[in-house]
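Structure, as structure tokens:
Letters A, B, ... mirror the listed sequences (proteins, then strands); counts begin at 1.
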Number of protein chains: 4
Amino acid sequence: MPVPPQVTEFTAREEELLAVTLELLRESGYDRLTVDEVAARAHASKATVYRRWPSKADLVVAAFSHGVRQVARPPDTGSLRGDLLRLGELITEQARLHGSAIAGMLPEIQRSERLRAVFEQEFFHERRALIHQVLRNAVDRGEIRPDVISDEIWDVLPGYLVFRSMVPGRAPTSDTVRALVDEVLLPSLTRDSGT
Amino acid sequence: MPVPPQVTEFTAREEELLAVTLELLRESGYDRLTVDEVAARAHASKATVYRRWPSKADLVVAAFSHGVRQVARPPDTGSLRGDLLRLGELITEQARLHGSAIAGMLPEIQRSERLRAVFEQEFFHERRALIHQVLRNAVDRGEIRPDVISDEIWDVLPGYLVFRSMVPGRAPTSDTVRALVDEVLLPSLTRDSGT
Amino acid sequence: MPVPPQVTEFTAREEELLAVTLELLRESGYDRLTVDEVAARAHASKATVYRRWPSKADLVVAAFSHGVRQVARPPDTGSLRGDLLRLGELITEQARLHGSAIAGMLPEIQRSERLRAVFEQEFFHERRALIHQVLRNAVDRGEIRPDVISDEIWDVLPGYLVFRSMVPGRAPTSDTVRALVDEVLLPSLTRDSGT
Amino acid sequence: MPVPPQVTEFTAREEELLAVTLELLRESGYDRLTVDEVAARAHASKATVYRRWPSKADLVVAAFSHGVRQVARPPDTGSLRGDLLRLGELITEQARLHGSAIAGMLPEIQRSERLRAVFEQEFFHERRALIHQVLRNAVDRGEIRPDVISDEIWDVLPGYLVFRSMVPGRAPTSDTVRALVDEVLLPSLTRDSGT
DNA sequence: TCATAAGCGAGACGGTACGTCGTGTCTTACG
DNA sequence: CGTAAGACACGACGTACCGTCTCGCTTATGA
């Protein structure tokens, strides 16, 4: 069952550090970002950073999760297609901003149990809840049958868009989202038999 | 138009270095891999490595591209579903091995024009040709109509599987592939109207 | 006019690094000494070394200058001959210890304006003042006339001894010093006509 | 007893390599000179160089010894003072050209028994013979007594001049030579009592 | 006239040091 | 007492040079 979001609260200083981190993340990507630069730009000491987050990866994951929390509201356009398109656009926007940053973080997250927990807690569940909310709304409207919703591959929409934003020269566009929704997702969700 | 694959040839020494690199890549991931260790394990000098590949990123991209070239034969099981499942399994296998390594490389590839060219030359076109071959075969067999093949999102299958292999705790399995093929791809490819 | 000695002060960490450097200099000579080994032996990081001295040459020049500063007291034995012999012995001792190290440093010093300045500041002026003090004392005692003191070749004593300590198989001994003083320097300093 | 000079003979190719080496030695000094550059400039292969001389130090010592052999004729101006001045000028010229190169070679020579032998064979004895010849001539002319000739410090003239040419900012001039001869050497050689 | 060998130019190679930079820990001094 | 400033240990990166080596080409001889 989905763990409740339970959003972490931050002090003003922490918010500031996260904001600077996110800014640098967008400018430089994960690997080029340095903690020294974060500290310098925030007129902070490295010790202050490390007191709050035990590693660069923790800092960046926190900044990223915190920074993308604004997508948290599920769209409600009145139709499944509209909701999916809207969701796709939002994800595309985020992914284009942070695409390669995400890629850089992933290996670190893989290696650390704690980071994995933070990542799931702060990011994963939120996104999953969003998707399921959109699909439930469609079921309620009678657009799709509940049994077409698969738990195995619920994240095709965000997953593929994120993939595209990480691969060089293939950053997703509105056309990408439209094609994905119309040619893949809707045929899948409105197919005759759910497994 | 697709550039011809034109596979790069390597000397024996180079093959050896790439093999060692790939081995270390699997063990340690991109960021933990060190050129010193590659050189040491291959009883080579760092100069030998850097003479051939100008940076760690170049080395690893070369090793990766070269290492996954074995998937180059398109499957031909006689049915679209069989081909897609087989392809998905192959990709899954590769992706599970190198998932986080790919993630680590991507930011570097993004930043370097040269690396981007190498990546496309050695990896991207090959995979794309594979997918299209499978789809063309299905068209020839009359299983699908040619107009359902989209150039915008031809890489949903590999893209989503690679995404899954990079995200912590979501490494794809056979069930993932089956669900993806049966619940998403086939409904998409056999839908009524193209585009 | 001679620049005031103005001895550079060092922190404890720096003193430690210089001591280790001097030790290694004696063991290995300039060219065989490695910064890595200095750092390792001082349980220091290379960055710590390079933060203070911008190159191996700077480090070694600093260590050498600092290390030989102990000869700084001019001898006062009561006679010119005694003073010269004592001074020669001191120089011989130093030169035998660091002979080839000095040789190794010189080309680097030649090439760097900064190193040249450091060398003169820390080493050259000090030695020159020493010699002149000894000669002035002899003048005061009435042993020699002031006009025999040449500014062109004031450093024959240290220069020749250092030369001897650098040339293979000719390291200077007490006999060398005695011969130099009795057969060369004293006849020169007590000759009839100055200039 | 002095070993006979026994000058080494070289083939045309070897002469060429030595000439290029000497040229580079003057341009770059010992440490900056690279065997690669010697080979490149002589359109030779490194193997060709190393076939003849087993190390960079051997090559450079050979080039240096060979290059300065032209000073080999003892001057005969008719007076000791003239001979010493002439000799000093010749040495000064050589030393100014190769001063820092000599310094760079010395540590290597110190470390290698073979190089020491070569150095003595090719350079040391020759210079020593030169000095003694000049002094013997003065004895023959009745200018000095034979017992003022010391074997301990026969090389004050070349030694001090070489020293001066190695120390930064103190390259010897004609004035240096004149002062050395008139104020030091002649008073020493014409003093009343030999040791 | 052609074949086989010896020498050479070219340059890859293993090893090792240099000097730079980033992480994460720590100490010091200030407010 | 927290924090800014920044020194510090560790270790990787990419560069350069030394001395060894292998590969072809060329030239110099022997059948």
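Rounded to an integer number of Å, the gap from R13(D) CZ to dA6(E) P is 21 Å. When the P atom of dG22(E) is taken as reference, atom OH of Y30(A) falls 14 Å away, rounded to whole Å. Note: CG (D36(B)) to P (dT20(E)) measures 18 Å, nearest angstrom. Rounded to whole Å, atom P of dG7(E) lies 14 Å from atom CZ of R52(D). Taking atom NZ on K56(C) and atom P on dT20(E), their separation rounds to 15 Å, with Å as the unit. Atoms OH (Y50(B)) and C1' (dT16(E)) sit 15 Å apart, rounded to a whole Å. Remark: C1' of dA17(E) and CG of L59(C) are 14 Å apart, rounded to the nearest angstrom. In this structure, the NE2 atom of H43(A) is 17 Å from the P atom of dG31(E), given to the nearest Å.
Annotation: cation-pi pair K56(A)/Y30(A) present, NZ/CZ under 6.0 Å from the ring centroid and within 45° of its normal.
Side-chain nitrogen and oxygen atoms of R51(B) include at least one within less than 4.0 Å of the OP1 or OP2 phosphate oxygen of dC13(E). The phosphate of dG14(E) (OP1 or OP2) has a side-chain N or O of T48(B) nearer than 4.0 angstrom.
On the nucleic acid side, DNA chain F has its first and last nucleotide under 4.0 Å of a heavy atom of chain D at dC17(F) to dC21(F), going 5' to 3'.
A side-chain contact (heavy atoms from CB on, under 4.5 Å) with V60(C) is found for exactly one of V38(C), L18(C), I102(C), L25(C), namely L25(C). The side-chain contact (heavy atoms from CB on, under 4.5 Å) test with V35(B) singles out one residue from V49(B), L24(B), T21(B), and that residue is V49(B).
Residue-to-nucleotide proximity on DNA chain E shows that, of R32(C) and A44(B), the 5′-proximal contact is made by A44(B). With the nearest nucleotide of DNA chain F identified for both A47(D) and D31(D), D31(D) has the one nearer the 5' end.
Salt bridge absent: R32(B) and E27(B) never bring a charged side-chain N and a carboxylate O closer than 4.0 Å. Checked for salt-bridge contact, E120(B) and R116(B) miss the test: no charged N lies under 4.0 Å from a carboxylate O.
Checking dC8(E), dA17(E), dG19(E) against the side-chain heavy atoms of S55(C) singles out dG19(E) as nearest.
No hydrogens or angles were tested; on distance alone, nothing pairs the side chain of K46(B) with the base of dG15(E) as donor and acceptor under 3.5 Å. With hydrogens and angles ignored, a donor-acceptor pair closer than 3.5 Å exists between the side chain of S45(D) and the base of dA10(E).
Within 4.0 Å (heavy atoms only), L17(C) reaches no atom of the nucleic acid at all.
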**Study point:** Residue pair F123(D), F64(D): steps toward the ring-ring contact (aromatic ring centres under 6.0 Å, His included) verdict
**Key:** CA-CA 9 Å; F123(D) 181 77; F64(D) 174 74; 5.2 Å; yes
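Between the side chains of E122(D) and H66(D), no donor-acceptor pair of N or O atoms lies under 3.5 Å.
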